[in-house]
Every structure is written in C-alpha cells, then in structure tokens.
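Any value given below was found using the heavy atoms of this structure, including those in side chains, with hydrogens, waters and symmetry copies removed. One-based numbering along the sequence shown.
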Amino acid sequence: MKKALLFLFIGILCYMQTTINANAEIKKNAGFITLNATKTQEVEPNIARISFAVENTSNNAQKAAEANNEVSNKIIEALKQITQTGIDTIKTNNFSVRPIYASSQSGKREIKNYMAVNSITVETKDIKKVASFIDTAIGNGANRTDGLSYSFENEKKYCNSLYPEIIKDLREQANTLAQAAGTTIDGVKQINASCSVNSF
C-alpha cells in the first residue's frame, strides 16, 4: 500500500545579544542566528481517489456523446452498488466531445470522427475497497484508470503535533551556537513554517 509523506519545513530567526557589565548590565545587539530544518513523517493514508475515463468515437457528435453517457451511467450505477454513505463519493467531470481530423486524398483536412471523453472520480475512506472500485469500473466499460492518489484527513493535526518538536530542536541548536560565539539568545524575531503532504 502507498503511504502519505508529511513534509514539514521550519525557518527560525533568533536574536543574539551580549551583556556588558559596567556598574549596570547593558545588553548589546550581537546580530541574529538563522536556522532551517525539515522533518518528514510517514502517515498511513485513509483517503483514496481513483479516476476513470470513458472514451469512445462515432462519426456523429451527438451519437458519441449519447454512447458515452450510456456507458458512464452504467459505470456509476455499478459503483453505487459498492459505495457507502459518508464513506464513498462519486462524481463526473471533464466531459468533452471533440472532432478527430484526417487528411483526404486531396490533402484537405476533414473531420473523420468525434471522440467523447468523460472522467469519473471515486473518493473513498475505505482503502481496502480500491481494487473493487477499479474492477467494477473497468468491468462496466471504463477504458482506463487515469489516476490513483492517497491522502489523509486531519492534516493540520499531524502538522501541529510536529511543530513543537522541531521548534525545540532549533532553539537548542541556536543556544548552542550562541554559547559557542560568546553570546546568548534573547528571543525569536521570525518563524516561517510550511507543511505539505505527498503520496508515494
């Protein structure tokens, strides 16, 4: 099974200051420390998206569209038999009918046929049903599987759980560097963070 990879990036800019003792403590700006860190974590996906295509040709645009619609409806009805409310969703998108050109004996470009293409996408929260959806769609007339991707819900929850850990590591590194340079960290000026998910 594919996994989803959580990719976390943090950039942190910390103040450095030195203390000068002359009757009273005076803090002097000693510059900044800039640190960057990345962290990845594998997460079991709980959402799968499968896209199917129905493609057919005819010498008539309307006939091509009607034939495509008939097959698409057959696939959708078959898919509905194995879907569960709140778990699976089905939608169609990117329907199109376009002419297919060919050159005649005289060299003139003429319309040979019309191609109708329709995409059907299934999203499921039951990863184990992916194979069943593919078999059902292909068995009822889908010409191909155009894409299969995995993701997971509550992306923010996973990201938020990693932020404190990576920030703590960066602060420790900043303190170590500042101490080696004879200064101290006085605060954080700026933090840049991003979190993204890729399936593999």
Let's go through Lys125 and Ile87 carefully: what are the C-alpha distance in whole Å and the side-chain angles of both, what is the deciding distance for side chain to side chain contact (heavy atoms under 4.5 Å, CB included) to 0.1 Å, and is it a yes or a no?
CA-CA 5 Å; Lys125 295 180 182 178; Ile87 302 297; 4.2 Å; yes
Looking at [X] and [Y], what are the two nearest heavy atoms and their distance?
{"X": "Tyr150", "Y": "Pro45", "value": "CB-CB, 3.7 Å"}
{"X": "Phe52", "Y": "Phe133", "value": "CZ-O, 3.6 Å"}
{"X": "Ala174", "Y": "Ile33", "value": "O-CD1, 3.6 Å"}
{"X": "Ile111", "Y": "Tyr101", "value": "CG1-CE2, 3.4 Å"}
{"X": "Leu35", "Y": "Leu170", "value": "CD1-O, 3.3 Å"}
{"X": "Ala48", "Y": "Val130", "value": "CB-CG2, 3.6 Å"}

Can you pull the salt bridge (Lys or Arg N to Asp or Glu O under 4.0 Å) pairs that have at least one residue in residues 130-141, sequence neighbours excluded?
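The answer is none; no pair qualifies.
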[X] side, atom [atom1]; [Y] side, atom [atom2] - distance, nearest 0.5 Å:
{"X": "Ser151", "Y": "Asn46", "atom1": "OG", "atom2": "CG", "result": "7.0 Å"}
{"X": "Arg171", "Y": "Ile167", "atom1": "CZ", "atom2": "CD1", "result": "8.5 Å"}
{"X": "Asp126", "Y": "Ile47", "atom1": "CG", "atom2": "CD1", "result": "12.0 Å"}
{"X": "Asn113", "Y": "Ser58", "atom1": "CG", "atom2": "OG", "result": "7.0 Å"}
{"X": "Leu177", "Y": "Ile185", "atom1": "CG", "atom2": "CD1", "result": "8.0 Å"}
{"X": "Gln81", "Y": "Glu77", "atom1": "CD", "atom2": "CD", "result": "7.0 Å"}

Distance-only donor-acceptor hits, side chain of residues 136-148, under 3.5 Å, sequence neighbours excluded:
| residue | atom | partner | partner atom | Å |
| --- | --- | --- | --- | --- |
| Thr136 | OG1 | Ser132 | O | 2.8 |
| Asn140 | ND2 | Thr136 | O | 2.7 |
| Asn143 | OD1 | Glu55 | N | 2.4 |
| Asn143 | ND2 | Glu55 | O | 3.2 |
| Arg144 | NE | Asp146 | OD1 | 2.5 |
| Arg144 | NH1 | Glu55 | OE1 | 2.9 |

Please set out all donor-acceptor pairs under 3.5 angstrom arising from side-chain atoms of residues 88-98, sequence neighbours excluded.
| residue | atom | partner | partner atom | Å |
| --- | --- | --- | --- | --- |
| Asp88 | OD1 | Thr124 | OG1 | 2.4 |
| Asp88 | OD2 | Gln84 | N | 2.8 |
| Asp88 | OD2 | Lys129 | NZ | 2.5 |

Mind listing the side-chain donor-acceptor pairs of residues 62-69 below 3.5 Å, one per line with the distance, residues two or more places apart or on another chain?
| residue | atom | partner | partner atom | Å |
| --- | --- | --- | --- | --- |
| Gln62 | NE2 | Glu66 | OE2 | 3.0 |
| Asn68 | OD1 | Ser72 | OG | 3.2 |
| Asn68 | ND2 | Val54 | O | 2.9 |
| Asn68 | ND2 | Asn56 | OD1 | 2.9 |
| Asn68 | ND2 | Ala116 | O | 3.2 |

Verdict with reasoning, Thr57 to Lys112, per side chain to side chain contact (heavy atoms under 4.5 Å, CB included):
CA-CA 10 Å; Thr57 59; Lys112 180 181 179 180; over 6 Å; no
Taking only residues two or more places apart in sequence or in another chain, which ones pass side-chain contact (heavy atoms from CB on, under 4.5 Å) with Asn160?
Lys156, Tyr163
Would you mind listing the cluster partners of Ile100? Hydrophobic ones only (ILVMFWY), side-chain contacts under 4.5 Å, chaining allowed.
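Grouped by the 4.5 Å side-chain rule, Met115, Val117 form the rest of the cluster around Ile100.
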